[in-house]
Number of protein chains: 2
Amino acid sequence: MKNGKPSRKEKEYLRHRHEILQTALELFSQRGFHNVSMHEIATASEFAVGTLYKFFSNKEDLYRNLIIDVSNVFLSSLMSTLATPGNELEKIRACVEAKIKVFMDNLDYVRLYMAETQGVSFNVKTSLDPEIRDRYEKFLKQLACVFENGIKKRLFKKFDPYLLAVALDGISNALLFHHVEYPGAHPFDADLIINIFFQQVYEKEDLRDE
Amino acid sequence: MKNGKPSRKEKEYLRHRHEILQTALELFSQRGFHNVSMHEIATASEFAVGTLYKFFSNKEDLYRNLIIDVSNVFLSSLMSTLATPGNELEKIRACVEAKIKVFMDNLDYVRLYMAETQGVSFNVKTSLDPEIRDRYEKFLKQLACVFENGIKKRLFKKFDPYLLAVALDGISNALLFHHVEYPGAHPFDADLIINIFFQQVYEKEDLRDE
DNA sequence: TCATGATATGAATTAAAATTCAACATATGA
DNA sequence: TCATATGTTGAATTTTAATTCATATCATGA
């Protein structure tokens, strides 16, 4: 392997590995870590159980690798939108749009990803997540930076930028989640999220004296 | 038992049952359904394994009962705030405040509750949750009603009221979650949530032409 | 005090899955 | 063609944890 050129063998190895991960993703995302056995993954991916152990040292290692791949796909797609040209509002809009797209395109990924970042990852021993947590944290911090710049420019009102990042992420997760559970029940798009978040929901000018 | 008067025996039975549930709550909320054994619950609650099976027919039944209790505590507290006197904004503020309070007071409860309502409940066979899902749905619908009334009165802007409920719930969950993970890092209160949600985050008057 | 029914106990059983590894297949190149 | 290395197999083993149940303990009232 070394640097540039993966040999035929290596490509085959990687293809097999990928096939296993892909199958496992499907199963785990539907039924969770503990409700899927290595034998099932083996059968579904058309390898023997023993073979799985040639690729991953154990079930947890397989799961961890999956999660790392998943979170790469997911977060790298979001991160890149924040470096997009345009002002802070445009960046954030792009990010929300990307999130909706990535979400809709990869429901399996998302189910797993959510289970890891949201919802106090229960599935696997807690010792697993720190790495994924960190990536997620990094994304939130980057988003917070955009908010911070927007505040500096007086584009946004003065709230703790990190909390704004958490809040925006929270809204979009909640709506997307809801969509996964009850598709089509209450249609929405990036604009709705942006509007709820950036326009006021309240009708009157000043909130305090009604 | 019948109607009014629980005998001493019955009170004792209920106390024991409660002790077991309480212990199980602590363990499950920290490590999840699959990473806690009946033996651990037995040891921690100072009963024998066999005894647990006198109270609950199996591990899943124990877990389900726990979840039902938890969701009762949690949701009934929130529901009642929505019936509070005052206008829609006041009701919602009361609800957010109650949520923060209940959350802070019962971190164990919350961890479990969240794992069930958020995060595609992976822990236990999916066949478990519909009951809890329904309760949660009911709460969201009630919250949506308040939004709807507020919109009718032109107190709030015209968004799909159910999505507003989901969104508000999403923001508060996200912030509270974050607080559980990193306590004290970014302090916030009900006002912050209300302000982000009801006041605009955007500084300018009209969002469209910047 | 003792007999009886109700409860609690935890070692033994059972069940389910993870993991191993000796045997097998297949590809490579001498 | 054959020897070797590399990858694959799945039955057998091990591990882990849920569940059972014969036995022990305890409380009650005769």
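Convention: sequence-line order gives letters A, B, ...; per-chain numbering from 1. As the structure is a computational prediction, the values presented were derived from the model and not from experiment.
Take E148(B) and apply the salt bridge (Lys or Arg N to Asp or Glu O under 4.0 Å) test, not counting sequence neighbours, and it matches no residue. Here H186(A) pairs with H178(A), Y162(B) under the ring-ring contact (aromatic ring centres under 6.0 Å, His included) rule; sequence neighbours left out. Residues satisfying the side-chain hydrogen bond (donor to acceptor under 3.5 Å, both in side chains) criterion with E12(B), sequence neighbours excluded, are R15(B). Residues that satisfy the side chain to side chain contact (heavy atoms under 4.5 Å, CB included) test with E97(A), not counting sequence neighbours, are R93(A), A190(A).
Rounded to whole Å, the distance from CZ on F47(A) to P on dT9(D) is 7 Å. For the pair I41(B) CD1 and dG10(C) C1', the computed distance is 16 Å after rounding to whole Å. Here dT16(D) presents its P atom at 13 Å from CG of N35(B), a figure rounded to the nearest Å. Between R17(A) atom CZ and dG7(D) atom P the separation is 15 Å, expressed in whole Å. Straight-line distance from the CG atom of L62(B) to the C1' atom of dA17(D): 15 Å, rounded to whole Å. Note: OH (Y63(B)) to P (dT19(D)) measures 15 Å, nearest angstrom. One can place CZ of F55(B) at 9 Å from P of dT7(C), the figure rounded to the nearest angstrom. Distance CD (E10(A)) to P (dA27(C)): 18 Å, rounded to an integer number of Å.
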Between N or O atoms, less than 3.5 Å apart, protein on one side and nucleotides 28-30 of chain C on the other: list the pairs.
from    : atom 1 : to    : atom 2 : distance (Å)
dT28(C) : OP1    : R8(A) : NH2    : 2.3

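For H16(A), a side-chain nitrogen or oxygen approaches OP1 or OP2 of dT8(D) to under 4.0 Å.
In this structure, the side chain of D189(A) engages the main chain of L192(A) through a donor-acceptor pair within 3.5 Å. Side-chain N or O atoms of S76(A) include one that pairs as donor or acceptor with a backbone N or O of N72(A) at under 3.5 Å. The main-chain N or O of L89(A) is found under 3.5 Å from a side-chain atom of N87(A) such that the two form a donor-acceptor pair.
Between F55(B) and Y13(B), the ring-plane angle classifies as parallel under the 30° and 60° cut-offs. Ring pair F147(A)/F197(A) is tilted by interplanar angle, where 30° to 60° counts as tilted.
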Could you encode protein contacts along nucleotides 16-25 of chain C as a string, one character per nucleotide from 5' to 3', using B for base contact, S for sugar-phosphate-only contact and - for no contact, with a heavy-atom cut-off of under 4.0 Å?
-SSBBB----

